[in-house]
Asker: 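Let me give you the structure first, and then I'll get to my questions.
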Amino acid sequence: MITLYGIPNCDTVKKARAWLDSQGLAYTFHNFKRQGVPLDRIPVWSQALGWERLINRQGMTWQKLTDKQKADAGKLAGAMALMQAESSVIKRPIVEWQDPITTTITLGFDTQTWSMQADELKDNERRASLAKAAG
């Protein structure tokens, strides 16, 4: 199962969704704008990717923050609060590649990385299916 988190009008998210569609990979899209940021996922993403990497310091949302908000985001608690309050400050897409064996989390869109993840996902699903059939 693939879950892609992001904002639908983000160019990188659009490219990522188009790539998944072109590969025939089924996925669930979690729209930060409509569904909000899933609060239980932020700690998971932070642990897997590093909380510092989750903050998009190049975007318009970051540019509009006050100096205090930016300073607060330099610490874990402040960054967590900012990501909850301003979903647009989160780099995207975040993708959870979950199969019966592993879950891998990636940040951003890179066709080489994604191709490897898709291949691993298919291989693990195949292995799990064979193990279940032998079972």
Side-chain angles (χ1 to χ4, degrees):
M1 181 171 146
I2 300 169
T3 305
L4 186 147
Y5 297 86
I7 298 170
N9 65 346
C10 170
D11 288 339
T12 308
V13 170
K14 287 178 186 177
K15 289 177 191 175
R17 294 179 76 183
W19 186 89
L20 289 169
D21 291 339
S22 75
Q23 301 300 307
L25 295 168
Y27 65 94
T28 300
F29 177 62
H30 183 100
N31 182 341
F32 286 156
K33 294 295 184 187
R34 287 192 182 200
Q35 297 167 277
V37 176
L39 301 182
D40 64 326
R41 304 314 301 152
I42 293 176
V44 174
W45 300 335
S46 296
Q47 184 174 9
L49 303 166
W51 64 269
E52 298 91 344
R53 290 186 58 212
L54 292 174
I55 304 290
N56 179 4
R57 291 176 175 82
Q58 305 302 314
M60 291 300 299
T61 301
W62 180 262
Q63 303 304 323
K64 293 178 183 179
L65 296 177
T66 66
D67 289 341
K68 181 179 180 343
Q69 288 172 307
K70 290 177 184 179
D72 289 348
K75 297 178 186 81
L76 176 60
M80 295 288 198
L82 179 61
M83 286 186 274
Q84 291 173 14
E86 296 284 345
S87 62
S88 295
V89 81
I90 300 173
K91 281 187 186 174
R92 40 197 189 266
I94 297 173
V95 180
E96 295 180 359
W97 308 81
Q98 184 175 14
D99 60 54
I101 299 172
T102 62
T103 298
T104 302
I105 301 171
T106 59
L107 179 63
F109 174 64
D110 173 72
T111 55
Q112 183 177 10
T113 301
W114 282 37
S115 292
M116 290 187 312
Q117 283 302 136
D119 290 345
E120 184 176 331
L121 185 80
K122 291 173 190 174
D123 288 346
N124 287 344
E125 286 174 347
R126 199 173 306 117
R127 281 188 213 129
S129 179
L130 291 172
K132 186 176 181 181

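Only heavy atoms go into these numbers, but all of them, side chains included; no hydrogens, no water, no symmetry mates. Just so it is clear, the model here is predicted, and its values are computed rather than measured.
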Asker: List the residues meeting side-chain hydrogen bond (donor to acceptor under 3.5 Å, both in side chains) with R17, not counting sequence neighbours, and say none if there are none.
Answerer: Y27

Asker: Got a sec, which residues hit side-chain hydrogen bond (donor to acceptor under 3.5 Å, both in side chains) with K33, two or more places apart in sequence or on another chain?
Answerer: S88

Asker: Can you name the residues that form a side-chain contact (heavy atoms from CB on, under 4.5 Å) with N56, not counting sequence neighbours?
Answerer: Q58, K91

Asker: Measure the CG-CG distance between L107 and L54 for me, rounded to the nearest 0.5 Å.
Answerer: 6.0 Å

Asker: Pairs in or reaching into residues 66-105: which pass ring pair (Phe, Tyr, Trp, His ring centres under 6.0 Å), with residues at least two apart or in two chains?
Answerer: W97-W114

Asker: Going hydrophobic residue to hydrophobic residue with side-chain gaps under 4.5 angstrom, can you get from F109 over to Y5?
Answerer: no

Asker: Sequence neighbours excluded, which residues qualify as side-chain contact (heavy atoms from CB on, under 4.5 Å) partners of M116?
Answerer: none

Asker: Who passes salt bridge (charged side-chain N to carboxylate O under 4.0 Å, His left out) against D123, sequence neighbours left out?
Answerer: R126

Asker: Enumerate the salt bridge (Lys or Arg N to Asp or Glu O under 4.0 Å) contacts for residues 45-58, please, sequence neighbours excluded, ordered by first and then second residue.
Answerer: none

Asker: Show me the donor-acceptor pairs, under 3.5 Å and distance only, between side chains in residues 37-46 and residues at least two apart or in other chains.
Answerer:
| unit_1 | atom_1 | unit_2 | atom_2 | d |
| --- | --- | --- | --- | --- |
| R41 | NE | E96 | OE2 | 2.9 |
| R41 | NH2 | E96 | OE1 | 3.4 |
| R41 | NH2 | E96 | OE2 | 2.9 |
| W45 | NE1 | E96 | OE2 | 2.8 |
| S46 | OG | I42 | O | 2.8 |

Asker: Show me the donor-acceptor pairs within less than 3.5 Å that the side chains of residues 71-87 make with the rest of the protein, sequence neighbours left out.
Answerer:
| unit_1 | atom_1 | unit_2 | atom_2 | d |
| --- | --- | --- | --- | --- |
| D72 | OD2 | K68 | NZ | 2.9 |

Asker: What pairs of donor and acceptor atoms, side-chain ones from residues 6-16 against any protein atom, are under 3.5 angstrom apart with sequence neighbours left out?
Answerer:
none

Asker: Any chance you could measure I2, atom CD1, to Q117, atom CD, to the nearest 0.5 Å?
Answerer: 9.0 Å

Asker: Please list, chain by chain and in numerical order, all residues satisfying side-chain contact (heavy atoms from CB on, under 4.5 Å) with S115, sequence neighbours excluded.
Answerer: W19

Asker: Hey, could you give me the NZ/CG distance between K122 and L25, rounded to the nearest 0.5 Å?
Answerer: 5.0 Å

Asker: With a cut-off of 6.0 Å (strictly less than), are more than 12 heavy atoms of other residues, nucleotides or ligands near CD of Q112?
Answerer: no

Asker: According to the ring pair (Phe, Tyr, Trp, His ring centres under 6.0 Å) rule, which pairs have a member within residues 51-87, sequence neighbours left out?
Answerer: none

Asker: Starting at OG1 of T102, measure out to CG of L121 and round the result to the nearest 0.5 Å.
Answerer: 7.5 Å

Asker: Under 4.5 Å between side-chain heavy atoms, counting indirect links through other Ile/Leu/Val/Met/Phe/Trp/Tyr residues: same cluster for F32 and V95 or not?
Answerer: no

